[in-house]
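In the text below, chain A, chain B and the rest are named by the order of the sequence lines, each starting its count at 1.
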Amino acid sequence: MILSIEELSITAHRRTLVDHVSFAIRAGEFMALVGQSGSGKSLLSQAIGQLLPSNLKATGTIQFEESNLLERTPKEMRSLRGTGISYIFQDYQGAFTPFRSIGAHFDEYQKVHGEKSSTVRKVKAAEALESVGLDASLLRRYPFQLSGGQLQRAAIATSLMLSPRLLIADEATTALDSVSGHRVMELLAAKQKETGCAILFITHDWRHVRRYAHRLSVMQEGKIVESGGKHRILDHPRHEYTRKLIEAAPILGRSLNSGLEDES
Amino acid sequence: MNNDYQAKHSGGAPIGEEQPLLRVQQLSRTYTGAKRPAVDNISFDLERGECLGLVGESGCGKSTLSRCLMRIEDADSGSIWLDGQDIARLNARKLKAYRRRIQIVFQNPSASLNPKLKIADSLIDPYEQLVNGTPLQHFTYTSREAYLRQLLEAVELPAELMNRYPHELSGGQRQRVTIARAIGIEPDVILFDEPTASLDVISQGAVLDLLATLRTSLGLSYLFISHDLAAVHRISQHMMVMREGKIVDRFAASALMSETRHPYTKELISIF
Amino acid sequence: MKSTVSVETSDPHKRKWHKPRAQAIIAILFALFVLTASFYAFVILKHDPSLTDLRGRLLGASAEHPFGTDHLGRDVLTRLLLGGVQTLGYSLLALGVALLIGIPLGIIAGYKRGWVDRLFVRVADGFLAFPDTIVAIVLSGLLGAGIGNLVLAIVIVKWVSYARLVRSIVLSESQKEYILIARTNGLSDARIMRKHLLPHIAGHVLVLASLDLGKIILLISSLSYIGLGAQPPTPEWGAMLNDSRPYFQSRPELMIYPGLAIVCVVLLANMLGDTLRDLFDVKKEVQP
């Protein structure tokens, strides 16, 4: 287990937003957390990196490798971000400051994490961008000159730069159209094969879950209602809510199966 | 009256046995400084009572097309025949008579409703501006409140919502309100530009079902634009696939899985 | 004005409550003080504010003259209160006229864009190039000193900032889809501006205006102090300050009273602006 969450609750002023949630991710695994907006799945992912707004309180344990993240000091968390845990968010525009070039972002990111030589930083930035299928010439461009898909790829490139052991993708494809979303997912899956990092993928899109996830948990109103292997849940959902979510999925044809037959 | 006369008799309308409700011919639009046209010589017919779906990824020009059809932007060339009248060149005053026949629903319901106005004040705009006293067929206007009540009922929302502000509604409810606004004057055509893209899964399905019901019960015709192939396929009778400003494939929805599809269409199918 | 305070953004019990409450108490206490003083001065004492009484000049505080008398034997409390009415009244007048000019021009420039907007920006930049004090001095030089010309000068300087604020709001709002839809629904430009754009402006403008009020009061007082505003014998705080200058050594309170009055009112105006900003929560328009 690279990450194991036990009895995690997130409360805000007497309201419980995430309610005694437990689950675990193995090293190198693609784990999906599925739910509607407002189910608390994003808060859960933010709690892992201590990114919750200050008025929300998390209790329970978040065991990442050897330590409980909830007990770590902000300084220790900072050193963990990037190399240990890294994030990709839905809002790819917010990931970049509009008036600084893409290259400047890559440069600063490496500087903060201790790379002193500027030539090394340049080479690494170009490599990172090329590794997500973007041309290194984009480093000179500004965020608004890139499309949504390109920006999200660049965001992925920064997230993967320091080879994190856990990548948390919070609705990383939601703001993209289905074609760019698909390409971003392909990229993520390929990167996972290459680097062996674990991915916690937060989504409401069954298509991606069906295609890429190993295991998944379904979340409703702050609670995990069902967890298990992808094939088991998609083909034989036990919880009423899971069934409802699967039925609502915009899928070509009649039903959404897990693709077990296609694989065998 | 005068406008109707002109609509029927101003020359140039294609004379045929059965005219389609909306006929778009060789429509093009190039933005200044762009390398290629955003909309490149597009033609299609929308028959009365059908739903025509248009699929394409972002940047393919589908939003420009819808803005040109609504005359929010002007096309560089081409014509838009709506019920026998080319509205592509009509001036603002004459255009107003045709505004009643075509309505639009955008992707983001939060941006489509004025956050400072109550739902009722947003909903009443088309009726106040465009109907001019001619009676409606499905809705009746006895009083403002009674009329708005019917609209909200038609989109399965409680009538109390009319006195709320948009931020008090959920995303799905807001999109239903914009749909209510579009159907309220019983237009011939409604353009949907990514109507489900900003909704969560469960609301998406419910809104699609609602749209299908409304189309048959009110006798509407839809042009349904989206990147979501599955949603388009679910609601449309005919489909078109757009790429880089051009229509690359068109077919009956039932023939989506056919071997004769354009390679790009097949690529889109493969990712769903 | 309703606003949903979402749990994620702020803790309502910590931030929202205390500041406005403290400010409200201060404002109410001040208002009570002014009311009692006015009651005493206008109902019980009934001094003529411009009646000179050379035998009773520069008197100290007494029941008859709670704040004493000035160098011409006029009752200071009465003049102070009437001066407040003058200063506030003219400030509000100037502000009102600036709003009446600024808001419509801002809406039109922001909504119409194109050459209308370009022309507006040029003109606005031109106006902004002149500091308010200079405009006031030049105008009084041209038209003669007087409170009317001072108000005119303030309007000339201030309308631009409102027009620019309104323009920037309208520029961003009119790109939104609800404006496009209003246009496709055949609403006339005038109606779109009135029904759909005006409500967006009210909160922002009110906040800016109340913050501006303090500055305008200061401007009127300071220009009256150097003799460009209210002319004697009109009671006005800046003018009163100026009148009392020669007697500062012997009767410093004659300068302290109007000075304190200016400070208090400007402070209150700023607090009002602050409170309004919190109320309208300009930043926090939640789009969940």
Side-chain angles (χ1 to χ4, degrees), chain A residues 34-39 41-42 90-92 145-152 171 173-187 189 202-212 218-221 240-256 259 262, chain B residues 33 53-63 107-108 110 170-172 174 193-209 211 224-236 239 241-244 253-257 261 264-272:
Chain A
V34 187
Q36 271 179 285
S37 47
S39 61
K41 55 192 196 310
S42 288
Q90 169 178 355
D91 176 23
Y92 48 79
Q145 295 170 307
L146 272 62
S147 74
Q150 287 175 323
L151 275 180
Q152 191 62 297
E171 301 272 12
T173 60
T174 307
L176 302 173
D177 74 59
S178 47
V179 179
S180 343
H182 172 70
R183 290 187 194 129
V184 163
M185 286 309 297
E186 292 277 276
L187 171 71
I202 291 148
T203 187
H204 63 252
D205 195 329
W206 285 113
R207 289 184 294 126
H208 302 322
V209 175
R210 175 174 66 162
R211 209 172 280 236
Y212 303 103
V218 180
M219 220 170 153
Q220 181 192 21
E221 288 169 13
E240 185 52 37
Y241 180 71
T242 312
R243 225 167 285 153
K244 199 173 141 199
L245 265 186
I246 292 176
E247 271 168 27
I251 293 294
L252 286 172
R254 274 167 298 112
S255 70
L256 176 92
D262 311 352
Chain B
L54 176 65
V55 189
E57 58 186 295
S58 55
C60 76
K62 55 195 198 306
S63 289
Q107 165 175 359
N108 184 352
S110 314
S170 72
R174 274 180 240 163
D193 189 353
E194 301 274 9
T196 56
S198 57
L199 305 178
D200 73 54
V201 233
I202 291 196
S203 326
Q204 276 182 14
V207 163
L208 281 179
D209 289 344
L211 291 182
F224 190 96
I225 302 173
S226 176
H227 72 260
D228 188 339
L229 182 67
V232 173
H233 181 249
R234 184 161 150 189
I235 195 167
S236 311
M239 293 172 68
V241 177
M242 189 169 174
R243 186 185 199 184
E244 294 181 349
S254 52
L256 175 66
M257 297 299 179
R261 288 285 67 80
Y264 181 64
T265 313
K266 287 183 181 161
E267 191 191 328
L268 285 178
I269 294 171
S270 75
I271 69 172
F272 271 85

> Of the backbone (N, CA, C, O) and the side chain (C-beta and beyond), which part of E57(B) lies under 4.5 Å from a heavy atom of chain A, both, or neither?
Replying inline: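 It is both, since atoms from each part get that close.
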>> Report which part of E194(B) has an atom under 4.5 Å of a heavy atom belonging to chain A: side chain, backbone, both, or neither.
In response: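 For E194(B), no heavy atom lies under 4.5 Å from chain A.
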> Which residue out of G181(A), G148(A), S180(A), S178(A) racks up the most heavy-atom pairs below 4.5 Å with chain B?
Replying inline: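 Ranked by heavy-atom pairs under 4.5 Å with chain B, first place is S178(A).
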> What part of H182(A) lies closer than 4.5 angstrom to a heavy atom of chain B: side chain, backbone, both or neither?
Replying inline: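 Just the side chain, heavy atoms under 4.5 Å.
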> In Å and rounded to the nearest 0.5 Å, what is the CD1 to CD distance from I271(B) to E186(A)?
Replying inline: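 These two atoms lie 9.0 Å from each other.
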> Can you tell me how far the CG atom of D228(B) sits from the CZ atom of R207(A), to the nearest 0.5 Å?
Replying inline: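 The CG atom of D228(B) sits 6.5 Å away from the CZ atom of R207(A).
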> Of the non-hydrogen atoms in D177(A) and H227(B), which two are nearest, and what is the gap between them?
Replying inline: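 Of all heavy-atom pairs spanning D177(A) and H227(B), the closest is CB-CG, 3.5 Å.
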> Looking only at heavy atoms, which two atoms of D200(B) and Q36(A) are closest? And how far apart?
Replying inline: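 Scanning both residues completely, I find the closest heavy atoms to be OD1-NE2, 3.1 Å.
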>> Under the criterion side chain to side chain contact (heavy atoms under 4.5 Å, CB included), I'd like the reasoning laid out for I202(B) against K244(A): C-alpha separation, chi angles, the key distance, then a yes or no.
In response: CA-CA 8 Å; I202(B) 291 196; K244(A) 199 173 141 199; 3.9 Å; yes
